[in-house]
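Note sheet for the following structure.
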Amino acid sequence: MGNKPSVVMVGLGYIGLPTAALIASKGIKVTGVDIHQHVVDTINKGEIHIVEPDLDGLVHHVVKEGYLTASTTPAEADVYLIAVPTPFKGDHEPDISYVEAATRALLPTLKEGALVIVESTSPVGTTEKMQAVIQAERPELNGKIHMAYCPERVLPGNVIYELEHNDRAIGGIDAASTDRAVAFYKHFVKGELHKTNAKTAEMCKLVENSSRDVQIAFANELSMICDEAGIDVWELINLANKHPRVNILQPGTGVGGHCIAVDPWFIVSEFPKQAKIIRAAREINNYKTEWAIEKVKNTALQFKIDNGRDAKIACMGLAFKPNIDDLRESPALLVTNTLVNDGFHVLAVEPNVNSHKAFEIHDMQEAVAQADIIVYLVAHNEFKDLTVDKTVIDFCNVS
Ligand SMILES: NC(=O)C1=CN([C@@H]2O[C@H](COP(=O)(O)OP(=O)(O)OC[C@H]3O[C@@H](n4cnc5c(N)ncnc54)[C@H](O)[C@@H]3O)[C@@H](O)[C@H]2O)C=CC1
Ligand SMILES: CC(=O)N[C@@H]1[C@@H](OP(=O)(O)OP(=O)(O)OC[C@H]2O[C@@H](n3ccc(=O)[nH]c3=O)[C@H](O)[C@@H]2O)O[C@H](C(=O)O)[C@@H](O)[C@@H]1O
């Protein structure tokens, strides 16, 4: 490997594309690989298929300069990175079939001295399993390639900055692999690079997201206790956080997105007897969404008893968290969908999205004027300046 390695990035989604573009921006030749032809074609035009601030300019630049090209098949390279999906299947079992398919796709191009890095969030032991796949299919490379796991920690919406500046945990299958991977990340990461082994790095990623899930579950549990007790949970948390060693997170409509709501299950499914708090947190955060649905329904039914007609309910926000347009695994969307499907009169509002296949998206002011009940599901900035003199149900401290 010369000073600047050649790189293949397998998977060109929310993680793979920004990472490939950042590496390419350092003057390193990157081949991005994706199974979807339209993804490859879009990138080769210097355009992007996902929404992330500042990504379009970066991709346009590195494609134009010839440092990033996309393809449906891998080329031979010094370093291979894998950033394909790792969803769960069935009863919350991790599905590593995409990582295995990506690993198998690399097999024909692997050469002695190559470094293979898994970045996909993965259950503990995945990197060793992929090592076994390579050993079985290319036994002549045994002991002659390096492998490591390096999880991604970026926050959607701030990916380009965090990719470069976050610290990283890097765990090889052996010390030499760790050192190789650290040397590689030094080309484009300014954060500290912390050495460990593959299993610890795999668990580290799962633990980071589980820790946040547990902390949010505590806040959500408090919100339901306070509702029963007639206490303002936001005031309570604010007061409790004045303690020098207390830092409670914010309750909401539930926990969404395709990571924090997924990754803790990878620990629970592998360690079902031990992972009691982690499982409880997942259940509490899911229950918070059901609880919210019941609360809205009960308020609407009481409105009907009092007024002799159906309530018009403005559902304020559909995204999985504030100030983004991402609706994946969104508790707010689940609340809105459930109310619509159960026959309630819903006016859906989402300032960051123009249209939705299941229902009309209403103008914010128009919905507030028309509605009888205003339900704040996501704390979008746009909602904070609204003046509302109707019944308000606020799950996210907007009002
Ligand atoms: N999106 C996020 O904010 C974060 C995601 N992660 C993890 O990173 C991994 C990737 O996630 P995203 O980039 O969000 O997923 P994504 O769904 O946006 O992108 C994955 C890409 O991989 C492609 N792909 C699937 N199988 C392939 C194969 N065999 N060969 C080549 N390409 C293939 C898909 O077509 C897709 O374009 C997951 O494990 C996720 O949990 C980790 C931290 C943050
Ligand atoms: C430990 C951690 O902060 N992980 C990050 C997380 O990104 P994500 O955008 O999913 O996290 P988030 O901002 O906490 O939002 C998750 C969900 O939790 C909710 N949420 C968040 C904080 C809070 O106090 N209360 C609350 O209810 C949000 O509304 C949202 O529905 O998961 C990412 C991932 O793994 O994909 C990871 O890279 C990010 O660094």
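Reckoned from all heavy atoms, side chains included, excluding hydrogens, waters and symmetry mates. Both counts, for ligands and for their atoms, begin at 1 and track the order of listing.
Nearest-residue assignment for atom 32 (O) of ligand 2 (options V159, T289, N209; heavy-atom criterion): N209. In this comparison of E152, K321, K288, R328, the heavy atom closest to atom 8 (P) of ligand 2 sits on K321. The residue from Y98, F266, Y14 that puts a heavy atom closest to atom 12 (P) of ligand 1 is Y14. Relative to atom 42 (C) of ligand 1, the option among T121, V118, N209 with the closest non-hydrogen atom is T121. The nearest non-hydrogen atom to atom 21 (C) of ligand 2, considering only I324, V154, I216, comes from I216.
Within ligand 2, the atoms closer than 4.0 Å to a non-hydrogen atom of F320 are 9 (O), 10 (O), 28 (C), 29 (O), 30 (C), 31 (O), numbered from 1 in the order shown. Taking every non-hydrogen atom of P156 and a distance limit under 4.0 Å, the qualifying atoms of ligand 1 come out as 3 (O). Heavy-atom proximity to E208, at under 4.0 Å, picks out these atoms of ligand 2: 1 (C). For ligand 2, the atoms lying closer than 4.0 Å to a non-hydrogen atom of L155 are 5 (C), 7 (O), 9 (O), 39 (C). Proximity to K205 (heavy-atom distance under 4.0 Å) selects the following atoms of ligand 1: 43 (C). Taking every heavy atom of C259 and a limit of under 4.0 angstrom, the matching atoms of ligand 2 come to 32 (O), 34 (C), 35 (O), 36 (O). Within ligand 2, counting atoms from 1 as listed, the ones closer than 4.0 Å to a heavy atom of K205 are 34 (C), 35 (O), 37 (C), 38 (O). Proximity to P85 (heavy-atom distance under 4.0 Å) selects the following atoms of ligand 1: 17 (O), 20 (C), 22 (O), 25 (C). Close contacts of ligand 1 with V10, meaning ligand atoms under 4.0 Å from a residue heavy atom, involve 30 (N), 31 (C).
A salt bridge links K304 to D310: one of the charged nitrogens lies within less than 4.0 Å of a carboxylate oxygen. A salt bridge is defined here as a Lys NZ or Arg NE, NH1 or NH2 lying under 4.0 Å from an Asp or Glu carboxylate O, and E137 with R104 meets this definition. Of the charged side-chain nitrogens involved, at least one lies within less than 4.0 Å of a carboxylate oxygen, so that D342 and K297 count as a salt-bridged pair. Using a 4.0 Å cut-off between a side-chain N of Lys or Arg and a carboxylate O of Asp or Glu, R212 and E208 do not qualify as a salt bridge.
In R153, the part holding a heavy atom less than 4.0 Å from any atom of ligand 2 is the backbone. Proximity of A83 to ligand 1, defined as any heavy-atom pair under 4.0 Å, is confined to the backbone N, CA, C and O atoms. At a 4.0 Å heavy-atom cut-off, ligand 2 touches P156 through the side chain alone. For N220, no heavy-atom contact with ligand 2 is shorter than 4.0 Å. No part of E119 comes within 4.0 Å of ligand 1, judged by heavy-atom distances. By the criterion of a heavy-atom distance under 4.0 Å, neither the backbone nor the side chain of R153 is placed next to ligand 1.
A donor-acceptor contact closer than 3.5 angstrom is absent between the side chains of T253 and K288. Side-chain contact of E202 with T127: a donor-acceptor pair under 3.5 Å is present, judged by distance alone. Residues N298 and Q302 have side chains that never bring a donor and an acceptor to within less than 3.5 angstrom of each other. A side-chain donor from one of S177 and D174 sits under 3.5 Å from a side-chain acceptor of the other. Remark: the N209 side chain and the D263 side chain contain an N/O donor-acceptor pair separated by less than 3.5 Å. One side chain, D213 or N285, offers a donor N or O that lies under 3.5 Å from an acceptor on the other. If you check the side chains of E290 and N286, you find no donor sitting under 3.5 Å from an acceptor.
Here the heavy atom of the protein found nearest to atom 9 (C) of ligand 1 is V84 O, 3.4 Å. Protein heavy atom closest to atom 43 (C) of ligand 1, with residue, atom name and distance, is E152 O, 3.3 Å. When only non-hydrogen protein atoms are considered, atom 3 (O) of ligand 2 lies nearest to R212 CD, 3.2 Å. The nearest heavy-atom contact from the protein to atom 25 (N) of ligand 2 is Q250 O, 2.7 Å. The protein heavy-atom contact nearest to atom 1 (N) of ligand 1 is H258 NE2, 3.3 Å. The nearest protein atom to atom 16 (P) of ligand 1, hydrogens excluded, is given as G13 CA, 3.9 Å; this is a heavy-atom distance. With respect to atom 8 (O) of ligand 1, the closest heavy atom belonging to the protein is I15 CG1, 3.7 Å. Here the protein heavy atom with the shortest distance to atom 39 (O) of ligand 1 is T86 OG1, 2.6 Å. Closest to atom 22 (O) of ligand 1, if we only count protein heavy atoms, is G11 CA, 3.4 Å. Of all protein heavy atoms, the one closest to atom 37 (O) of ligand 1 is D34 OD2, 2.6 Å.
Of the polar atoms of R328, none of the N or O atoms is found under 3.5 Å from an N or O of ligand 1, judged by distance alone. Here's the thing with E162: none of its N/O atoms is less than 3.5 angstrom from an N/O atom of ligand 2.
Between the side chain of N241 and the backbone N or O of I248 there is at least one donor-acceptor pair closer than 3.5 Å. The backbone N or O of V40 sits nowhere less than 3.5 Å from a side-chain atom of D34 that would complete a donor-acceptor pair.
Hydrophobic clustering of Ile, Leu, Val, Met, Phe, Trp and Tyr side chains at less than 4.5 Å, counting indirect connections, keeps I35 apart from I96. M364 and I373 fall into different hydrophobic clusters, defined by Ile, Leu, Val, Met, Phe, Trp and Tyr side-chain heavy atoms under 4.5 Å apart, directly or through other members.
Remark: of the listed residues I134, V33, V10, V133, V10 is the sole one forming a side-chain contact (heavy atoms from CB on, under 4.5 Å) with L106.
Annotation: cation-pi pair R309/F303 absent, no NZ/CZ under 6.0 Å from the ring centroid and within 45° of its normal.
The shortest heavy-atom distance from I260 to ligand 2 is under 4.0 Å. In this structure, Q215 has no heavy atom closer than 4.0 Å to ligand 2. Using a 4.0 Å cutoff on heavy atoms, I35 counts as a contact of ligand 1. In this structure, G256 counts as a contact residue of ligand 2, since one of its heavy atoms falls inside 4.0 Å of the ligand.
Smallest separation of non-hydrogen atoms from I15 and P18: O-CD, 3.3 Å.
For A132, the side chain to side chain contact (heavy atoms under 4.5 Å, CB included) criterion is met by no residue, not counting sequence neighbours.
Within the structure, ring pair (Phe, Tyr, Trp, His ring centres under 6.0 Å) pairs that include any residue of residues 147-177 comprise Y161-H165 (at least two apart or interchain).
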